[in-house]
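Here is how names work: the chains are called A, B, and so on, in the same order as the sequence lines, proteins then strands, and each is numbered from 1. Quick caveat: nothing in here was measured; it's all calculated off a predicted structure.
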Number of protein chains: 2
Amino acid sequence: MTPDTPADASARRPALTRGRIVRAAIALIEREGADALSMRRVASELDVAVMSLYNHVPNKDALLEGVAEHVVSGMELQDDPSAPWQARARALVRAFRTVAHEYPRCMTVVLTRKFHTTVGLRPAERALALAEAAGFDGVTAVRIMRALMAYALGAQMREIGFGKWLHHLDTSPAADFARLDAGEFPHVIALGPVLARHDPEADFEFGLDLLIGALEALPRAADV
Amino acid sequence: MTPDTPADASARRPALTRGRIVRAAIALIEREGADALSMRRVASELDVAVMSLYNHVPNKDALLEGVAEHVVSGMELQDDPSAPWQARARALVRAFRTVAHEYPRCMTVVLTRKFHTTVGLRPAERALALAEAAGFDGVTAVRIMRALMAYALGAQMREIGFGKWLHHLDTSPAADFARLDAGEFPHVIALGPVLARHDPEADFEFGLDLLIGALEALPRAADV
DNA sequence: ACCTGAACACCGTTCAAGT
DNA sequence: ACCTGAACACCGTTCAAGT
């Protein structure tokens, strides 16, 4: 045994890379939430001085960008171009949902960052491809892509808790519904039991069905 | 003149209240962005010691919650129950959009907070009321409300820049489109000019039309 | 009841020094 | 080329002291 040789040391603590830093950040966020992420915490997680990180990442913002891009690049975008475009559209939107379930606490970061690489273009390309296959013209294809993205993002926010405007009802339904002004919120009160029931999967599919169904009803270039 | 009497001093610097603190925070966010908001900045804006804020607001999180609630309470929710439910639904979703345009930089805060007051229930009540008027059963009404909320939130994120995954294309389209791999992004490249054109209003209305149209096609209890 | 300054335990990042 | 410690200018919040 030759302890403490450089080879040994690097085996115990592999070379610092951007990838290792990003993965440590992701692990930290999933474990303690996005608020717990700090350059200092990541550094100590990697057993390294804070400033060492700056040799591989220009600043914290860039690190968060790296986190967002890593997560999105994990989207499973296998596609069967011969399948009906409706099925392809469903699979695409669900792929975003799947990755969101894989990195639930990182989603706040993903939904909040702009991308500076092409990683965000992969889902866009898919959406445009299937819209074209469905027979829509270019302008419509772009609008379809944007509508699908809007729904995917918004539905995810609702599930995470973003935009969860009924939060105090979700947590202690019975007690809170009773306290509501019956004159102001008659429907909320009447539907209290339904609102308290949670089936995010069904909610998500309901909205997705609405959108896909609406696209089927849309006039297409192929019809002309 | 009797300078420096208590009355005079309080005239120059009105009593510190939660409302004044929240409004100062909103003004600061709209002026410099949500990242610039700190307890210390708000305090100095109000010409007051940092710790004075804590007499009216328990902590920074509560302050941000106050910001979100103030913005949402500004939603103009006038409603004509005798109007067609389609028009009422459109008006409701647009009301969110309007307030988002009024406080663009505060939206990052609104979209990111949970509410602990009933302010978020007002739009929910409206959505449920119009879904019932349209003849949908309770479970469907709740799902419609959630789908509309998801779209409103997601569409707004796209416009703000959240989830703007094509950001580097938006800023310098020509240069960047040329650099894309033609094999990987054929449709993105072909539709480059369309993608570069921005008409958020039209994009928003397109998706909203899809959803409302899909709701019209849905079977209703009234049909039975 | 409200205000405040000092202090504590944190931040991100610059810089100069090391190898 | 990569790592590092000290330092700077910030944070949010606790506490004890004032009125």
Side-chain angles (χ1 to χ4, degrees), chain A residues 4-29 31-68 105 108-109 112-114, chain B residues 4-29 31-68 105 108-109 112-114:
Chain A
D4 264 335
T5 67
D8 228 21
S10 74
R12 266 192 276 106
R13 211 205 287 179
L16 201 53
T17 62
R18 192 189 132 99
R20 251 164 52 79
I21 294 171
V22 168
R23 283 193 302 275
I26 290 175
L28 179 59
I29 292 172
R31 203 168 350 104
E32 306 192 25
D35 283 347
L37 184 95
S38 74
M39 299 300 277
R40 289 169 135 104
R41 286 294 309 272
V42 173
S44 87
E45 214 79 41
L46 292 169
D47 232 339
V48 125
V50 206
M51 290 318 298
S52 304
L53 302 180
Y54 287 82
N55 290 309
H56 304 90
V57 163
N59 50 43
K60 189 186 182 181
D61 236 56
L63 173 54
L64 287 172
E65 203 178 295
V67 167
R105 309 188 80 168
T108 77
V109 177
T112 296
R113 296 285 133 185
K114 297 174 184 173
Chain B
D4 264 336
T5 66
D8 228 22
S10 74
R12 265 192 277 107
R13 213 205 287 179
L16 201 53
T17 62
R18 194 188 131 96
R20 249 163 55 78
I21 293 171
V22 168
R23 284 194 300 275
I26 290 176
L28 179 59
I29 291 173
R31 202 168 352 103
E32 306 191 26
D35 284 346
L37 185 95
S38 74
M39 298 301 277
R40 289 169 135 103
R41 286 293 309 272
V42 172
S44 88
E45 215 79 41
L46 292 168
D47 232 338
V48 125
V50 204
M51 291 318 298
S52 303
L53 302 180
Y54 286 82
N55 290 309
H56 304 90
V57 163
N59 51 42
K60 189 186 181 180
D61 236 55
L63 174 53
L64 287 172
E65 202 178 294
V67 167
R105 309 189 80 167
T108 76
V109 177
T112 296
R113 297 286 133 186
K114 298 174 182 170

Whole angstrom value for the distance that separates P of D:dA6 from CZ of A:Arg40
12 Å
If pairing requires Watson-Crick or G-U wobble contacts with both distances under 3.5 Å, which nucleotide is the partner of C:dA17?
none
Got more than 12 heavy atoms from elsewhere within 6.0 Å of CG, B:Asp35?
no
Any side-chain N or O of A:Asn55 below 4.0 angstrom from OP1/OP2 of D:dC3?
yes
D:dC11 OP1/OP2 closer than 4.0 Å to side-chain N/O of B:Ser38
yes
OP1 or OP2 of C:dT13 sitting under 4.0 Å from any side-chain N/O of A:Tyr54?
yes
Rounded to whole Å, how long is the line connecting atom CG of B:Leu64 with atom P of D:dC11?
14 Å
Of B:Thr108, B:Val42, B:Val109, the residue whose pairing with B:Ile29 passes side-chain contact (heavy atoms from CB on, under 4.5 Å)
B:Val109
Short side-chain to backbone donor-acceptor contact, A:Arg40 and A:Val50, under 3.5 Å
no
Is there a Watson-Crick or G-U wobble partner for C:dC3 with both distances under 3.5 Å, and if so, which one is it?
none
Please answer whether the main-chain N or O of B:Leu16 pairs with a side-chain N or O of B:His56 as donor and acceptor at a distance below 3.5 Å.
yes
When all nucleic acid strands are considered with a 4.0 Å heavy-atom cut-off, which category describes B:Met39: base, sugar-phosphate, or nothing?
sugar-phosphate
Establish, with yes or no, whether the OP1 or OP2 oxygen of D:dC3 is under 4.0 angstrom from a side-chain nitrogen or oxygen of A:His56.
yes
Please name the nucleotide paired to D:dA9 by Watson-Crick or G-U wobble geometry with both distances under 3.5 Å, or report none.
none
